[in-house]
Amino acid sequence: MNVSIVGSGYVGTTIAACLADLEHDVVNIEIDEDIVDAINAGEAPIHESGLEERIAEHAGSSLRATTNYDEVRDTDVTLLCLPTPQSEDGSLDLAPMRAGSEMLGDALADKDDDHLVVVKSTVLPGTTEDVVAPILEEHAGTTIGDGIDIAMNPEFLRMGTAVEDFLEPDKVVLGAQTDDATATLRELYAPILEREETNLVETDIREAELIKYANNAFLASKVSLVNELGNVAKEYGADAYEVLEAVGLDDRISSRFMRSGLGWGGSCFPKDVAAIRAGAREQDYEPELLDAVVGINDEQPHRLVELLAEHVSLSGARIAVLGLSFKPGTDDIRKSRALDVIESLLERDASVVAYDPVAVENVREQYDFDIEYADSAGAALEGANGAVVATDWSEFDDLSFDGMAQRVLVDGRRIEVAEDALEVYEGLTW
Ligand SMILES: NC(=O)c1ccc[n+]([C@@H]2O[C@H](COP(=O)([O-])OP(=O)(O)OC[C@H]3O[C@@H](n4cnc5c(N)ncnc54)[C@H](O)[C@@H]3O)[C@@H](O)[C@H]2O)c1
Ligand SMILES: O=c1ccn([C@@H]2O[C@H](COP(=O)(O)OP(=O)(O)O[C@H]3O[C@H](CO)[C@@H](O)[C@H](O)[C@H]3O)[C@@H](O)[C@H]2O)c(=O)[nH]1
């Protein structure tokens with residue numbers, strides 16, 4: 001199929017490369033020329049396992065990128081992978097969705113044959129039908145059902161394992177109003193749907209939109225619950241990991257998403273939980289549990305710094321922060337817990353030296369922290385009076401602490417540590 005993807009960020013780029021892999025002909029429509037140039041040069045604009053080689057293989061043949069929306073006319077289906085950020089008040093900011101839908105509608109005004117527009121971005125119930133569809137109708141000069149059809153197909157991939165998650169998902173959710181739209185999406189995802197492990201959910205648009213938020217709200221709540229239990233375990237001098245490993249043996253609970261520590265960050269959980277809370281309030285429902293889920297999450301970085309302060313006098317101390325990305329396997333630093341840890345350390349007049357295998361450049365560009373950056377974990381630890389682990393990169397397993405001035409490590413992520421090599425080793429929840 002000929003597929004256009006509007007927005008070529010973490011999701012749009014990954015999906016484009018994967019759909020090219022599935023033998024579709026794909027064009028990315030993106031306003032950032034650097035991203036367009038990177039894809040056309042066969043390079044990945046982001047760090048994601050398995051992406052670089054796929055882009056290198058398909059660029060110039062079945063995968064290309066452009067800033068020109070007119071190219072959507074040569075495609076059968078457009079996937080909207082535009083950002084849906086959080087406004088200052090926590091609500092969903094639909095400005096990029098509106099702008100992209102306007103440009104897409106303008107381009108489709110001159111298209112003769114049928115076209116399916118699929119919202120893949122995470123949007124609150126009603127957005128596809130009440131916001132995107134009317135804009136498309138106005139700008140394309142037609143009505144939905146008359147040449148243009150619309151569907152909602154949320155995406156569940158995770159950063160760090162995005163390619164694998166997209167190609168081997170637990171489920172594919174198709175929200176559509178017509179059989180034609182569903183049939184087109186089934187064809188688009190045929191090789192993925194043929195897998196025995198892929199569950200296919202066909203539903204209405206509104207349910208598809210809400211499934212995505214419910215999914216993320218559930219997972220974020222699970223991690224916050226695990227963190228609350230972890231904090232309680234720490235007070236009792238018990239190891240939360242041992243406790244929750246046993247709890248996870250109950251099929252109804254499952255052992256996944258049971259890692260307690262610094263909490264959840266990233267581009268999705270924080271903004272999606274904020275959006276569903278704001279949306280619920282708009283519907284006159286007080287989401288008290290989700291409020292608490294965020295409250296617990298916000299506290300974890302401070303708890304980590306407090307724990308460190310029990311062993312190191314922070315003012316003037318040199319503190320190594322290991323890990324900057326919001327999770328391992330990605331250079332994405334959006335709402336990374338490491339950033340809260342750094343802010344909290346700086347507030348207490350510590351001198352921070354940070355290291356991350358891939359995310360240093362992003363932090364340098366986006367934050368003007370008065371901190372040092374090291375080229376390796378070993379270099380960050382050299383001369384440090386204390387260290388914290390903010391991201392569980394596997395290269396932090398079995399670190400050497402020989403160069404530290406004070407061998408104190410507070411671990412927010414439960415890495416593999418030779419505790420004997422340290423004077424003090426404290427886990428945040430164990
Ligand atoms: N990142 C994830 O892990 C993930 C997973 C599932 C779903 N989602 C959802 O997918 C959507 C996209 O997320 P993302 O992380 O890829 O965002 P992103 O910010 O990384 O990428 C969005 C891209 O869209 C481009 N863009 C903005 N306005 C545009 C326009 N008018 N026309 C063309 N391009 C435009 C931006 O330049 C950017 O490259 C969001 O709704 C997000 O919630 C994200
Ligand atoms: O047991 C756990 C699991 C995760 N996390 C943290 O939770 C955050 C999110 O992790 P993860 O869900 O693996 O990464 P994301 O890429 O943010 O993926 C989530 O958000 C995406 C965007 O909506 C969805 O598509 C995915 O299904 C959903 O898992 C990270 O900070 C992790 O460190 C924990 O603290 N403990």
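Ligands are counted one by one from 1 in listed order, and the atoms in each one are counted from 1 as well. Below, all heavy atoms of this structure are taken into account, side chains as well, without hydrogens, waters or symmetry copies. Keep in mind it's a predicted model, so treat the numbers as computed, not measured.
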Top protein contact for [atom], by heavy-atom distance:
atom                    : value
atom 11 (C) of ligand 1 : L82 O, 3.3 Å
atom 22 (C) of ligand 2 : C268 SG, 2.3 Å
atom 12 (O) of ligand 2 : F257 CZ, 3.1 Å
atom 18 (O) of ligand 2 : R158 CG, 3.4 Å
atom 5 (C) of ligand 1  : L157 O, 3.5 Å

Has ligand 2 got any nitrogen or oxygen that is less than 3.5 angstrom from a nitrogen or oxygen of M258? yes

Lys/Arg-Asp/Glu bridge criterion (N-O < 4.0 Å) met for [X], [Y]:
X    : Y    : value
D130 : R206 : yes
D392 : R414 : no
R364 : E361 : yes

Within a distance under 4.0 Å of any heavy atom of L157, pick out the atoms of ligand 2 and give their elements.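 What qualifies from ligand 2 is 21 (C), 24 (C), 25 (O), 26 (C).
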
M159 heavy atoms, cut-off 4.0 Å: which ligand 2 atoms fall inside?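 Going through ligand 2 atom by atom, the ones under 4.0 Å from M159 are 16 (O).
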
May I ask which of T67, V11, D272 has a heavy atom nearer to atom 14 (P) of ligand 1 than the others do?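 Comparing heavy atoms across T67, V11, D272, the nearest one to atom 14 (P) of ligand 1 lies in V11.
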
Could a heavy atom of R334 be found less than 4.0 Å from some atom of ligand 1?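 Yes.
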
Got an N/O contact under 3.5 Å between R158 and ligand 1?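 No; every N/O pair is 3.5 Å or more apart.
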
Less than 3.5 Å between some nitrogen or oxygen of K271 and one of ligand 1, yes or no?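 By distance alone, the answer is yes.
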
When Q300, R303, K222 are each screened for side chain to side chain contact (heavy atoms under 4.5 Å, CB included) with N227, the one that passes is Q300

